[in-house]
Amino acid sequence: MRIYADNAATTRMSRAALDAMIPCLEEQYGNPSSLYSLGQRAKEALELARQDVAAVIGASPKEITFTSGGSEADNQALRSAAALGKKAGKTHIISTAFEHHAILHTLAALEKEGFTVTLLPVHENGIVRVEDVEAALRDDTCLVSVMYANNEIGTVQPVRAIGALCRRRGVLFHTDAVQAVPHLRIDVEADNIDLLSASAHKFHGPKGVGFLYARKGVRLTSLIEGGAQERGKRAGTENVPGIVGMSAALKETAENLEAATARLLPLRDRLIAGLREIPHSALNGDEEKRLPGNVNFCFEGIEGESLLLLLDDRGICASSGSACTSGSLDPSHVLLAIGRVHDVAHGSLRLTLGEDATEAEVDYIIQNVKEVVAYLRGFSPVWRDLESGKTPHIL
Ligand SMILES: *Cc1c(COP(=O)(O)O)cnc(C)c1O
């Protein structure tokens, strides 16, 4: 048995994406910049994909730039807005404490280059408050960047209201919508979005391809020097198979969106209810305003890594907030941002269900997480201290 419950990390490619890609690799392998018909057919496929991608988010094709994925789109969005800001003498940027590292690390780099960054709190429920954005706005603010939905705890942000506020104040608004695009209806007009990042492998497309939406008039800075591809905004021969696969995956995702949500919501809530039965556990992030497949829990007295390894032995692919970097175990910045203390943040588990998940799989996950948590607590000194009352329970 293998249950893949890590769809926020990546997804399996859809048959539609694969079927769309194979002809681009086998027969229509031309370079879109070539003038003969083989190249021009690749160019047509590329532009058709651009139209299809644009339509899904209510954009026009010229507003879509293809990138190598979500990270590149995030980097380019921030760098472009920063360059525009600098030209206008505005060097203040507002974002949040629980963004993806593609955002946080780019902001850190921009700080070194002279920009000032305000990272807003996301509160206990994992949601940014519009009032906080408003209070942080300054005369020299050039950009607000708030993710549409968080990749760890799945919380959905009040993007439309933040966008409206930015529009009123004449500040560019970017949203990292990498996790939202697979699950939510996005309309860049209604949502007041100026810049938006997305990534194909999060919605059953291929890895290494994504797109950046930039509203007409928002000038992008190219991160890569070279040819004039992507209207001079992204040099390098286009990843035609990847882009075509992405557009096929996105179209299918958009067509099935409501049906997938209707299937996922009861499964998600069943999983949450089941895991809540584990003593001294807590759901991370708002229970309602979260993505339909996302479940994220903290369990006291255990290490997320051990939990993952034992779940893997039982055929369950899941993820934990903590990442082992250079030997030191850093707890998730997202869990810290919602106020979890280090010890508790270490014992986290993220399960992100795919559209094809079943009730039987959810029940299998619940049963096995219960067993593994009890087993690990059985020889955890931290748990012994908690149970003997030597240290107080937090959850
Ligand atoms: C996965 C992810 C990214 C990075 O996308 P890549 O295509 O893997 O570079 C950025 N932001 C969020 C919220 C993500 O979940």
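One is the number of the first residue; the rest follow in order along the sequence. For ligands, and for the atoms within them, numbers begin at 1 and follow the listed sequence. Since the structure is predicted, the reported quantities are computational estimates derived from the model, not experimental observations.
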Student: Considering the heavy atoms of Gly69, write down every atom of ligand 1 situated less than 4.0 Å from one of them.
Tutor: 7 (O)
Student: Where's the contact between Lys202 and ligand 1, heavy-atom distance under 4.0 Å: side chain, backbone, both or neither?
Tutor: side chain
Student: With side chains defined as the heavy atoms from C-beta onward, is the minimum distance between Ser320 and Leu349 less than 4.5 Å?
Tutor: no
Student: Return the closest protein heavy atom for atom 11 (N) of ligand 1 as residue, atom name and distance.
Tutor: Asp176 OD2, 2.7 Å
Student: May I ask you to check if ligand 1 and Asn151 share an N or O to N or O distance below 3.5 Å?
Tutor: no
Student: Between Lys251 and Asp52, does any NZ, NE, NH1 or NH2 come within less than 4.0 Å of an OD or OE carboxylate oxygen?
Tutor: yes
Student: Check each heavy atom of Asp74 against ligand 1 and say whether those closer than 4.0 Å belong to the side chain, the backbone, both or neither.
Tutor: side chain
Student: For ligand 1 and Ser71, I'd like to know whether there is a polar contact (N/O to N/O, distance under 3.5 Å).
Tutor: yes
Student: Below 4.5 Å, heavy atoms only, C-beta onward: do Glu305 and His346 meet side chain to side chain?
Tutor: no
Student: Heavy-atom contacts under 4.0 Å between His201 and ligand 1: side chain, backbone, both, or neither?
Tutor: side chain
Student: Can we say Glu277 and Lys370 salt-bridge, meaning some charged N sits less than 4.0 Å from an Asp/Glu carboxylate O?
Tutor: yes
Student: Is it true that the side chains of Thr118 and His92 contain a donor and an acceptor less than 3.5 Å apart?
Tutor: yes
Student: Does Glu72 come within less than 4.0 Å of Arg234, counting only side-chain N to carboxylate O?
Tutor: yes
Student: Could you see if Tyr375 belongs to whatever hydrophobic cluster contains Phe297? Use Ile, Leu, Val, Met, Phe, Trp, Tyr and a side-chain cutoff under 4.5 Å.
Tutor: yes
Student: List every atom of ligand 1 that sits less than 4.0 Å from any heavy atom of Met147, numbering the atoms from 1 in the order shown and giving each element.
Tutor: 13 (C)
Student: Starting from atom 7 (O) of ligand 1, locate the nearest protein heavy atom and write down its residue, its atom name and how far away it is, to 0.1 Å.
Tutor: Ser199 OG, 2.6 Å
Student: If you measure from atom 5 (O) of ligand 1 to every heavy atom of Ala180, Gly205, Gly70, Ala102, which option wins on shortest distance?
Tutor: Gly70
Student: May I ask you to identify the nearest protein heavy atom to atom 3 (C) of ligand 1, giving residue, atom name and distance to one decimal place in Å?
Tutor: His100 NE2, 3.4 Å
Student: Would you call the rings of His280 and His393 parallel, tilted or perpendicular if under 30° counts as parallel and over 60° as perpendicular?
Tutor: parallel
